[in-house]
Structures are given as C-alpha cells and as structure tokens.
Amino acid sequence: MNIEINKEYLYLDKEFINIIKKEKPKRLFNMYDTGGELIYNSIPVFIDGRADLYSSVGLLNRYLNVVDLDVDYEITIDEYKFDYYLVESGSKLEKYINKLEIEKIYSNDKYVLYKIK
C-alpha cells in the first residue's frame, strides 16, 4: 500500500528525519507540530497532535509549560532528562537551550535539533 503525503504540511525535510534517525535520541523533546511526522518515520516522540491522549494525564500542560518556560518547566526538564531537543527556531525555548551546554546538530528554516552534551 502506497500512501501519498501532502508535503505542504510537512515541517521536517527528509534530511532532517535521516539525521534524527542517525542520532537515535532516547528521550527526544519535540514540538507538538512535529510529532506526527516523527511517528510516521518510526521515531519515538514526547508529544504529537493527539492532544486528547496527553491532556488526560497532564502531559499537554507540562509540554506547554516547557515551551513557554512557564510554571515548573525546569521540573519537567529534570524529570524527563531529555537528551535531544527538536524546537521551533527563534522560540523562547530555543533561546533557553542556547544558554545550556548543548550542541546544535541540524536546522532548517522552522526547526532546530540540539543534543545535550
């Protein structure tokens, strides 16, 4: 079965996906918008577009707190011990990550992949 994907809605190019697969993150923090593409490419996610699955256990709020650097975001970061971050370019979270000991692995015009050193 060959499924056609509407590339207009893709956020991560093939090279980005291949780099993430090569890096093999164990605990990837990803943006909500990228979850579906990552799952489609067999990459485990922190969150994806199925908000109803995550909101019932409070994970959606924790995700939003991290993205907005809001209430107890550091607790979530410490608890999950993310080894990679896939974040929106220019976001508050990216600015925060740039202050940490972290290596920029790859970026496109929308997203940046970082690896904790």
Side-chain angles (χ1 to χ4, degrees):
M1 179 175 176
N2 191 3
I3 299 173
E4 207 44 52
I5 296 176
N6 186 342
K7 294 185 177 166
E8 173 183 340
Y9 295 104
L10 295 179
Y11 297 102
L12 305 171
D13 55 44
K14 192 65 176 166
E15 185 174 357
F16 215 137
I17 294 294
N18 288 337
I19 287 170
I20 295 170
K21 283 183 172 185
K22 180 181 166 230
E23 291 291 321
K24 297 180 186 167
K26 290 180 177 49
R27 293 169 311 281
L28 173 67
F29 179 91
N30 65 285
M31 303 304 289
Y32 182 89
D33 294 343
T34 62
E37 286 179 72
L38 295 170
I39 289 171
Y40 178 80
N41 286 283
S42 302
I43 299 169
V45 300
F46 178 67
I47 198 162
D48 63 69
R50 301 171 295 173
D52 54 328
L53 293 176
Y54 300 100
S55 60
S56 64
V57 293
L59 193 58
L60 181 60
N61 286 337
R62 294 181 87 181
Y63 162 80
L64 292 171
N65 289 343
V66 171
V67 169
D68 293 333
L69 302 180
D70 205 0
V71 182
D72 297 331
Y73 71 94
E74 290 175 319
I75 292 172
T76 300
I77 289 172
D78 288 343
E79 182 180 332
Y80 284 89
K81 297 180 181 13
F82 301 111
D83 57 347
Y84 285 80
Y85 288 85
L86 176 58
V87 299
E88 191 174 348
S89 181
S91 66
K92 281 193 227 180
L93 183 55
E94 186 193 16
K95 291 173 185 159
Y96 169 80
I97 287 171
N98 280 324
K99 295 177 185 175
L100 305 175
E101 287 189 34
I102 201 159
E103 177 184 356
K104 182 177 178 180
I105 301 294
Y106 186 75
S107 65
N108 65 15
D109 59 334
K110 294 181 183 180
Y111 293 95
V112 185
L113 179 66
Y114 290 99
K115 176 183 180 180
I116 297 288
K117 293 181 183 181

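Side chains are part of it too, since the values below use all heavy atoms of this structure and drop only hydrogens, waters and symmetry mates.
Although no hydrogens or angles enter the test, the distance criterion places a donor-acceptor pair under 3.5 Å between the side chain of D13 and the main chain of E15. Remark: side-chain polar atoms of Y114 are not paired, donor with acceptor, to backbone N or O of I97 under 3.5 angstrom. In this structure, D83 contributes its side chain and K115 its backbone to no donor-acceptor pair below 3.5 Å. When atom types are taken as modelled, the side chain of N65 and the backbone of V71 share a donor-acceptor pair closer than 3.5 angstrom. Using a distance-only test at 3.5 Å, with no hydrogens or angles considered, a donor-acceptor pair links the side chain of K81 to the main chain of D78.
One hydrophobic cluster, built from ILVMFWY side chains closer than 4.5 Å, holds both Y80 and M31. The hydrophobic cluster containing L100 also contains V66, counting ILVMFWY residues as joined when their side-chain heavy atoms lie under 4.5 angstrom apart, directly or transitively. V87 and I19 fall within the same hydrophobic cluster, defined by Ile, Leu, Val, Met, Phe, Trp and Tyr side-chain heavy atoms under 4.5 Å apart, directly or through other members. There is a path of hydrophobic side-chain contacts, each under 4.5 Å, that joins L69 to I102.
Taking OG from S91 and CG from D68, the interatomic distance works out to 9.5 Å, rounded to the nearest 0.5 Å.
Within 6.0 Å of NZ on K24 lie no more than 12 heavy atoms contributed by other residues, nucleotides or ligands.
Residues F29 and F46 place their aromatic rings such that the two centres sit under 6.0 Å apart.
Side-chain contact check for N41 versus L12: every heavy-atom pair is 4.5 Å or farther apart. Annotation: side chain of I20 is in contact with side chain of L113 (closest heavy-atom distance under 4.5 Å). You'll find the side chain of I116 reaches within 4.5 Å of the side chain of Y85, heavy atoms only.
Heavy-atom minimum distance, D109 versus S89: O-CB, 4.3 Å.
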